[in-house]
Amino acid sequence: MSSMQVLHEPYQSAMEVFTPEQRTKHHMRGLLPATPLSPEAFEKRILADFDAETDPLKKFLILSDLADRSLHLYYYVITRNFGKLNPFIYTPTVGLYCQKYHLCHRPKRVLYYTLRDEGHIDEITSNWPQKEVDIVVMTDGGRILGLGDQGANGIGIPIGKLALYCAAAGSDPEKVLPVQIDVGTSNMKLRDDPLYLGLNQDRLRGDAYYAFVGTVVESIHKRWPKALIQFEDFGMVNALDLLDIWRNKILSFNDDIQGTGAVTLAALINACRARGKTVKDLVNDRILFAGAGSAAVGIADAIVAGMVVEGVPKEEAVKSFFFVNTKGLVGKGRTDLNPSQIRYQRQDFPGGTDLIATAKAIKPTIVIGVSGTPNQFTEELVSIMKENTPCPIIFPLSNPTSQAECTAEQVFAWTGGKAVFAAGSPFAPVTKDGVTLHTNQCNNMYIFPALGLAAAKVHATRVTDRMLYRSAAALAEQVSEEEVKKGILFPPLSQIRDISHKIATAVVHEAMDEGVVPEPPCKKEEVHEWLRTQMYDPAKKLAEL
Ligand SMILES: NC(=O)C1=CN([C@@H]2O[C@H](COP(=O)(O)OP(=O)(O)OC[C@H]3O[C@@H](n4cnc5c(N)ncnc54)[C@H](O)[C@@H]3O)[C@@H](O)[C@H]2O)C=CC1
Ligand SMILES: CC(=O)C(=O)O
Ligand SMILES: [Mg+2]
């Protein structure tokens with residue numbers, strides 16, 4: 001590679017941060033101004049640009065342009081400012097980015113497999129320049145956050161998720177692969193836009209769809225048999241079916257179902273600790289979901305698994321759950337349900353009642369919003385909850401912020417500050433009578449980067465239910481008794497690397513115990529230290545360029 005190519009290659013370039021020695025090594029004399037910047041000075045400059053901008057999408061683009069110029073400087077800045085910058089590389093801003101992706105497109109390091117490429121799938125896979133791939137995040141854009149079908153624009157989500165893999169857990173940015181499967185879109189606004197860049201045809205469905213996705217998955221698995229594939233933001237039926245098809249064949253998981261399940265279980269473990277109880281005591285709760293899709297099913301399955309671990313019989317545990325979707329309560333008489341929903345179908349309540357009528361009938365103590373629809377959680381709903389519990393647990397988990405079922409301000413105003421709150425996207429803390437009320441971010445970002453890092457690094461053959469359960473428990477235990485009593489459910493994002501490291505250690509231990517690591521890299525007691533050596537460190541990498 002020539003010196004000019006090194007300077008313009010995002011994996012190789014440190015731009016004006018190249019030291020005099022590095023400039024000599026790469027034959028760069030005369031290609032850069034005289035005075036090198038330290039990484040810290042460069043960070044200050046980028047943050048000043050970032051702070052001067054008020055438009056969140058432009059803030060997102062300042063960071064993403066940096067990633068396109070120097071990946072290691074990008075991660076240097078992100079990891080050192082994770083709490084501040086996360087909302088601008090991930091939810092909510094990544095949602096805006098997806099909606100406008102076709103209008104601000106720049107070639108990215110991603111792979112698109114489109115229906116037009118049938119017969120050329122292996123060729124596309126072989127076009128990826130990196131020899132090694134550890135983690136693949138794949139979407140078909142079918143359900144992007146709570147923003148519906150975004151077609152080929154959905155690629156913003158794998159890009160954002162993989163940025164978190166590298167920043168939050170230390171996956172190697174040179175070994176991650178964002179994949180968009182373009183099977184058309186049912187989003188007519190995009191299709192009517194002459195600037196839309198994806199396939200302008202209706203979304204493929206049925207057997208042909210599964211066959212096409214299967215060809216892509218197999219092609220990727222053939223080239224990188226040890227890579228982990230994370231399915232992300234597929235429509236409900238496709239998400240559930242693809243998980244069933246692939247979870248026992250290759251190293252894979254669905255983040256919206258399983259990652260969301262684990263993070264919400266962690267939140268509830270800690271909400272139970274705050275009450276002086278454990279998840280087995282959720283048998284005495286009524287947990288009402290707005291939404292009965294991938295996330296709802298994944299969360300309910302994870303909580304049931306947590307209750308079963310503590311000795312509650314499964315048939316007893318499922319009695320705590322109630323799902324309401326667009327057709328009302330998943331109850332008696334409903335004939336439009338898929339097998340995952342049927343597991344939670346209530347035979348003791350008539351199907352079809354809306355959220356408020358259901359709440360009046362069942363008296364919820366916990367509500368979880370995964371409907372992708374704002375304003376579902378109203379003052380009336382919360383008043384009903386207050387009749388049944390002194391401290392309602394209210395989790396509007398839909399993303400981005402615009403789709404959250406209610407806001408933190410509303411919850412604390414309606415309950416006089418007596419609620420446990422968590423949302424999918426970040427909300428600023430609320431101050432009431434001089435007291436800070438905590439607004440937790442219950443988002444699968446606390447789980448997938450660590451889970452995927454762990455599974456990929458030890459070349460696990462599968463992601464098991466026990467590994468997911470352990471990830472939730474390892475996350476929950478990072479919050480102290482004192483903190484849970486204050487309504488804090490998660491450790492602070494500023495410590496995300498340590499948090500992920502501890503979760504990854506627990507996941508590897510579990511994987512080794514379950515025998516899904518054919519060649520363990522070290523003894524169990526050495527896993528924590530060994531993982532540290534495996535985690536990407538942008539400052540170290542910059543020094544080695
Ligand atoms: N906080 C987190 O970590 C995560 C949050 N989510 C969010 O959850 C939401 C749903 O995601 P999925 O379950 O994967 O989508 P999905 O498409 O599988 O399910 C959505 C469900 O909501 C129901 N629904 C839609 N409008 C409704 C309404 N007005 N009233 C009642 N039900 C309604 C649908 O019938 C369906 O059952 C999205 O906004 C997504 O961003 C998803 C995964 C992780
Ligand atoms: C967080 C996430 O995965 C979602 O909203 O889809
Ligand atoms: Mg998702």
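Atoms within each ligand, like the ligands themselves, are counted from 1 in listed order.
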Within the 3.5 Å criterion, strictly below it, is a donor on [X] or [Y] matched to an acceptor on the partner's side chain?
| X | Y | value |
| --- | --- | --- |
| D149 | N187 | no |
| D301 | Y344 | yes |
| S480 | E483 | yes |
| S398 | E405 | yes |

Below 3.5 angstrom, do we get any N/O pair linking [X] and ligand 1?
| X | result |
| --- | --- |
| Q403 | no |
| C442 | yes |
| R143 | yes |
| G235 | no |
| L397 | yes |
| A290 | no |

Please report which non-hydrogen protein atom sits nearest to atom 9 (C) of ligand 1, along with the residue it belongs to and the distance in Å to one decimal place.
S398 OG, 3.6 Å
What residue and heavy atom of the protein are closest to atom 23 (C) of ligand 1, and at what distance?
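Among all protein heavy atoms, the one nearest atom 23 (C) of ligand 1 is G291 CA, 3.7 Å.
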K100 atom NZ, neighbour heavy-atom count above 12 within 6.0 Å:
no
NZ (K418) with more than 12 external heavy atoms under 6.0 Å:
no
Using salt bridge (Lys or Arg N to Asp or Glu O under 4.0 Å), reason through R275 and D285 one step at a time and then give a plain yes or no.
CA-CA 12 Å; R275 294 166 161 179; D285 278 275; 2.8 Å; yes
Please check if the side chain of [X] supplies one atom and the backbone of [Y] the other of a donor-acceptor pair under 3.5 Å.
| X | Y | value |
| --- | --- | --- |
| D182 | L199 | yes |
| D233 | T139 | no |
| R470 | D465 | no |
| R334 | G328 | yes |

Would you mind telling me if ligand 1 is within reach of the side chain of T373, the backbone, both or neither, using heavy atoms under 4.0 Å?
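The answer is the side chain.
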Answer side chain, backbone, both or neither: which part of T260 comes under 4.0 Å from ligand 1, heavy atoms only.
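Answer for T260: side chain.
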Evaluating non-hydrogen atoms only, which member of T326, L240, V370 is closest to atom 20 (C) of ligand 1?
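Residue with the shortest heavy-atom distance to the ligand atom: V370.
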Option with minimal heavy-atom separation from atom 28 (C) of ligand 1, where the choices are Q341, E405, M445, Q376
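Among Q341, E405, M445, Q376, the closest heavy atom to atom 28 (C) of ligand 1 comes from Q376.
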Report, in ascending order of atom number, the atoms of ligand 1 lying under 4.0 Å from any heavy atom of M236.
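Counting from 1, the qualifying ligand atoms are 18 (O).
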Under a 4.0 angstrom heavy-atom cut-off, which atoms of ligand 1 come close to D256?
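Counting atoms of ligand 1 from 1, those under 4.0 Å from D256 are 43 (C).
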Is the closest heavy atom of V263 to ligand 1 under 4.0 Å?
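False for this residue.
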Strictly below 4.0 Å, N to O, side chains only: are E380 and K360 in salt-bridge contact?
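Here E380 pairs with K360 in a salt bridge, since their nearest N and O are under 4.0 Å apart.
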For ligand 2, run through the N/O pairs with the protein that fall under 3.5 Å and put one pair on each line.
from	atom 1	to	atom 2	distance (Å)
ligand 2	3 (O)	K161	NZ	2.9
ligand 2	3 (O)	E232	OE2	3.0
ligand 2	3 (O)	D256	OD1	3.0
ligand 2	3 (O)	N444	ND2	3.0
ligand 2	5 (O)	N399	ND2	2.8
ligand 2	6 (O)	R143	NH1	3.0
ligand 2	6 (O)	D233	OD1	2.9
ligand 2	6 (O)	D256	OD1	3.0

Heteroatom of [X] nearest to the Mg ion (ligand 3) (N, O or S, atom name):
| X | answer |
| --- | --- |
| D256 | OD1 |
| D233 | OD1 |
| E232 | OE2 |

Parallel, tilted or perpendicular: which one describes the rings of Y90 and F448, with boundaries at 30° and 60°?
tilted
W414 side, atom CH2; I394 side, atom CD1 - distance, nearest 0.5 Å
8.0 Å
